[in-house]
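Naming convention: chains lettered A, B, ... in sequence-line order (proteins, then strands); numbering from 1 in each chain.
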Amino acid sequence: MQYAQIILPLNLKGSFTYKVPDELIPDIQLGMRVLVPFGGKKIYTGIVFDLHDNAPENFVAKEVISLLDDSPIMPPEQIDFWNWLSEYYLCGLGEIYRFAFPSSLKLESETYLKLKPNIQVDFENLDVNEMYLIQALEVRQLINLTDIEAFIAKKDIIKTINSLIDLQYIEIDEKIAEKYRAKEVAYVKINEEVLSNQNLTEILLKLNKAPKQKDLFLLILEMQTEKPDVPIKKAVLFEDGFFGSSHFKSLADKNLVEEYYMQKDRIESYEGEIEEIEELSEEQKSAKLEIDEAFEENKNVLLHGVTSSGKTHIYLEKIEECISNGKNVLFLLPEIALTKQITQRLEKKYGRHLGFYHQKLTDFERVEVWRRIKQNDIKILVGTKNALFLPYQNLGLIIVDEEHDSAYRPREITPHFNAKDSALILGGFYGAGVILGSATPSVESYFRARKDKMKYIFLNERFGNVKLPEYELINLKEAQDSKKVSGNFSLRLIEEIKKTIDEKNQAIILHNRRGYSNVLECESCGYVNYCSNCDVVMTYHKAANEMKCHYCGQRASRPRTCPKCHSENLNEKGVGVEQIHEEVSKLFPDKEVDRMDVDSMRKKFAYEKLYEKIEDRETDIVVGTQMISKGLDFDHIELVAIPKADSLLYVQDFRAEERAYQLITQVSGRAGRVSGNGKILIQTFNPDHSVFQLIKMNNIPKIYKYFLTERQKFHYPPFTKLIMIELKHRRVDKVNRASQFLGSILRKYLPEECVLGPEKSQIARINNFYQFQILLKLPRGKNYEKFKAMVLLSLNEFDEITAYQSIKKDVFVDF
DNA sequence: AGCACGCCGACT
DNA sequence: GTCGGCGTGCTC
């Protein structure tokens, strides 16, 4: 095996061929990290993806510089997984690598060099550059590649290093090269001499002049005698602000106490008690048995359980079973922030064998989890989509909770993959069972499960037989006609809210639009405030008193007069959540009304604070965007109101109705969790709309049947497979031409009815980039692979055109 | 993705 | 006369 295919952290297609130097041949293995030169001077950490003996024909392969791992950092299952991802989602391996690895595990030219110990350098036979480098190393011991540029020409650096490595004079210092350092934590203890001398009284007498120091000394002494085995964290002493570090320092100066350091995992592990789980209900028990059966047949499971049906209970049971069989569990969530409950329960049960992995961790924390996973120290990992890429050793179960959530398929992240579908594939590679769970499964998953591709399990009762909430539709048109409205609220709705809070219960009001008003419009000349970077109107945020663009984030102050005609008739159109909040506060002036949306939750701990406020029942009404549909499991919420439900439906997206259904159902699940008297009020101008009617009936099979019929009628997934290609460029004419061209190539290979567009994206310009899109509707089944090969062919043909290389191209498979 | 090379406008 | 803008081409 003389050649290796290496993946580099670059947005380039495929992998690169490198020669494996003879001395590395015995040690190199698939899934190891290696250091390789690339382009004139750069050095990258690559991944060994294949080993073979086929010498490249069109170029001379460079050599691998060194191995960074003793054993593969990536298990074979992950290699298969990456291959699948790149083929299925038409994305580069480099993109996957960039996304999957924490940056400290893929260092670039920051790598350090050092002299080998005890060497005799034969300066006679060195060239100038080599001499410079050796001399520099003699002075500085360690030197990184960027520093070398100061005295050796860029193009000669690699050559010089290689030659010195060949001569066995220098080596790559991996310990330093690894950016990651385990964090040291300060601990304190009473100086041992003090303890052995037994002259405590004397010491305390001396300390009488410094009462704070004396108290601190006594505190440490007490902690240490009570639990001699538990080390005392230094930080703990200063927690309540009673002692300061100066007090400790004085004690240390008197040699009474000392501090010492220990390596500590950055991620705090739970050290409290471990809780047992409650027994399952009959319905849950039978669901669990069905899961067992499905797994025996190597089938994955869609667990469709109405809100509060206790899906979590079943998860916990399966997790426990899996772990006691010596296997590990991956628990995926759409976003980690809103998952307090499940985390708490798992923490109580699995303590330090529980790990977390999500976008909010620092790079060091990520590496820590990588290590622990690799050492098989974590039995259950709770994480978001990027947790799919950890180097699991023996995964036995993957749970994808809230599987319908669109956070599993975020548009912003490259590579564009769907974490839910990928989890099913990853489970396959590991031979692990996968459970998709949701109260409102995606239409696609439902279809798949009903088609017997997955096992479908339905939990129809709330745990403890609590009744499901009751739905009521309020006809806003009628209310308006009979003058029974106040602003956006019908009198009926106001009455119900009043009743709820008068009974000391809490109400939730959902309005899924940020800001105060959607548009600021001039009544005199019709001027509308557009974002200067994007083709969207700017939203008025009253709380911050500014205009915001929700696409590029640009902010501007609110114009006082119309910039065009200077009239003062600027009117706010399109109701936002801030306005609803303001209205509710005015309707119930003596009640506590809080707002919950991304704008009000931006401050640190804002979410936690509001959470506690609701929990302590200080809040009477919470007004919020879709954020309130997640994680707010409180006992005293009895009412959910959706004053402008129609706005949920009027979105240009074939999934709009499905989303509306999911959002309404999810937020409804917050009501009457304990009492069973939950009530949902939906205000609409179209009470006869099928979606509202079906929600009111609460006939779940019928709802999904409706969705599926609609999808079939208009040839949308799951009956077809969609691929969306988006092209972006600063110049309209250029993207326009490019997308016309790509469209024509696609039409050459695909049937006419499969190619829609190109056309301007819904938002024609974001951040000064004009965007066009082409939508491909491909048949599913056997032919799909054939068609997709044609798409790939077209894309490659397009890439050949050099003039279009500056065009940004995004491909969304399963859009 | 980065980086070098190369060709045209505003500056000491 | 040069600095620096970004269009184009290439990387195992």
Side-chain angles (χ1 to χ4, degrees), chain A residues 1-21 24-25 28 30 32-68 82 86 89-103 105-111 144-146 148-150 152-159 161-162 412-416 727-735 737-738 741 767-770 795-811:
Chain A
M1 300 298 189
Q2 289 187 60
Y3 292 94
Q5 290 309 123
I6 307 290
I7 307 178
L8 297 177
L10 301 171
N11 200 357
L12 293 170
K13 277 186 194 141
S15 53
F16 293 84
T17 312
Y18 283 85
K19 189 164 176 2
V20 184
L24 296 182
I25 288 180
I28 196 164
L30 286 189
M32 276 184 170
R33 290 178 306 151
V34 291
L35 233 39
V36 291
F38 186 77
K41 55 161 210 179
K42 269 253 166 186
I43 290 187
Y44 286 107
T45 304
I47 308 269
V48 183
F49 218 61
D50 193 18
L51 290 165
H52 57 85
D53 276 318
N54 315 320
E57 282 168 21
N58 307 321
F59 54 89
V60 182
K62 290 185 181 170
E63 282 198 353
V64 171
I65 300 174
S66 66
L67 307 180
L68 288 180
W82 288 26
S86 111
Y89 290 108
L90 305 173
C91 62
L93 288 164
E95 286 177 290
I96 302 175
Y97 176 32
R98 282 158 67 97
F99 180 76
F101 271 58
S103 49
L105 291 179
K106 37 173 207 252
L107 353 139
E108 297 175 19
S109 306
E110 307 287 295
T111 315
N144 84 26
L145 301 200
T146 5
I148 299 175
E149 285 172 25
I152 299 182
K154 280 178 185 174
K155 62 176 165 48
D156 294 329
I157 291 180
I158 298 295
K159 207 184 81 197
I161 293 172
N162 280 339
E412 322 74 62
I413 284 175
T414 34
H416 306 296
L727 302 172
K728 298 180 198 180
H729 197 270
R730 280 180 190 281
R731 281 168 42 201
V732 216
D733 51 325
K734 194 156 183 176
V735 234
R737 258 183 290 123
F741 178 62
N767 242 332
N768 287 322
F769 276 85
Y770 290 89
L795 289 171
N796 288 337
E797 210 166 290
F798 177 82
D799 286 344
E800 304 272 298
I801 312 297
T802 50
Y804 293 148
Q805 268 176 13
S806 58
I807 301 232
K808 276 195 176 186
K809 189 171 83 246
D810 277 301
V811 181

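Residue Ser806(A) places no side-chain N or O under 4.0 Å from the OP1 or OP2 atom of dG7(C).
Between the CZ atom of Phe38(A) and the C1' atom of dG9(C) there is a distance of 13 Å, rounded to whole Å. Separating the CD1 atom of Ile7(A) from the P atom of dA1(B) is a distance of 17 Å, rounded to the nearest angstrom. Look at CG on Leu8(A): it is 9 Å from C1' on dT11(C), rounded to the nearest Å. Distance, Phe16(A) CZ to dA1(B) P: 13 Å, rounded to whole Å. Leu12(A) places its CG atom 11 Å from the C1' atom of dC12(C), with the value rounded to the nearest Å. With rounding to whole Å, Lys13(A) atom NZ is found 15 Å from dT11(C) atom C1'. Rounded to a whole Å, the NE2 atom of His729(A) is 12 Å from the C1' atom of dT8(C). Straight-line distance from the CG atom of Asp799(A) to the P atom of dA1(B): 12 Å, rounded to whole Å.
Side-chain proximity of Thr17(A) to dC12(C), dG9(C), dA1(B): nearest is dC12(C). Residue Thr802(A) places its side chain closer to dG9(C) than to any other of dA1(B), dC12(C), dG9(C). Side chain of Gln805(A), nearest nucleotide from dC12(C), dA1(B), dG9(C): dG9(C). Comparing dT8(C), dC12(C), dG9(C) against the side chain of Lys734(A) picks out dT8(C) as the nearest.
Taking the ring centre of Phe798(A) as origin, the terminal cationic atom of Lys809(A) falls outside the region bounded by 6.0 Å and 45° from the ring axis. Note that Lys19(A) lies in the cation-pi zone of Tyr3(A), set by a 6.0 Å cut-off to the ring centre and a 45° limit from the axis.
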**OP:** For Ile43(A) and Phe38(A), run side-chain contact (heavy atoms from CB on, under 4.5 Å): C-alpha distance rounded to whole Å, both residues' side-chain angles, the deciding distance at 0.1 Å, then the answer.
**Re:** CA-CA 6 Å; Ile43(A) 290 187; Phe38(A) 186 77; over 6 Å; no

**OP:** Report the C-alpha distance between Leu727(A) and Tyr770(A) in whole Å, list the side-chain angles of each, state the deciding distance to 0.1 Å, and finish with yes or no for side-chain contact (heavy atoms from CB on, under 4.5 Å).
**Re:** CA-CA 8 Å; Leu727(A) 302 172; Tyr770(A) 290 89; over 6 Å; no

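Of the possible polar contacts, one joining the Lys106(A) side chain to the Arg98(A) backbone as a donor-acceptor pair under 3.5 Å is found.
Among the atoms of the strands shown, only primed sugar atoms or phosphate atoms (P, OP1, OP2) are found under 4.0 Å from some heavy atom of Tyr18(A).
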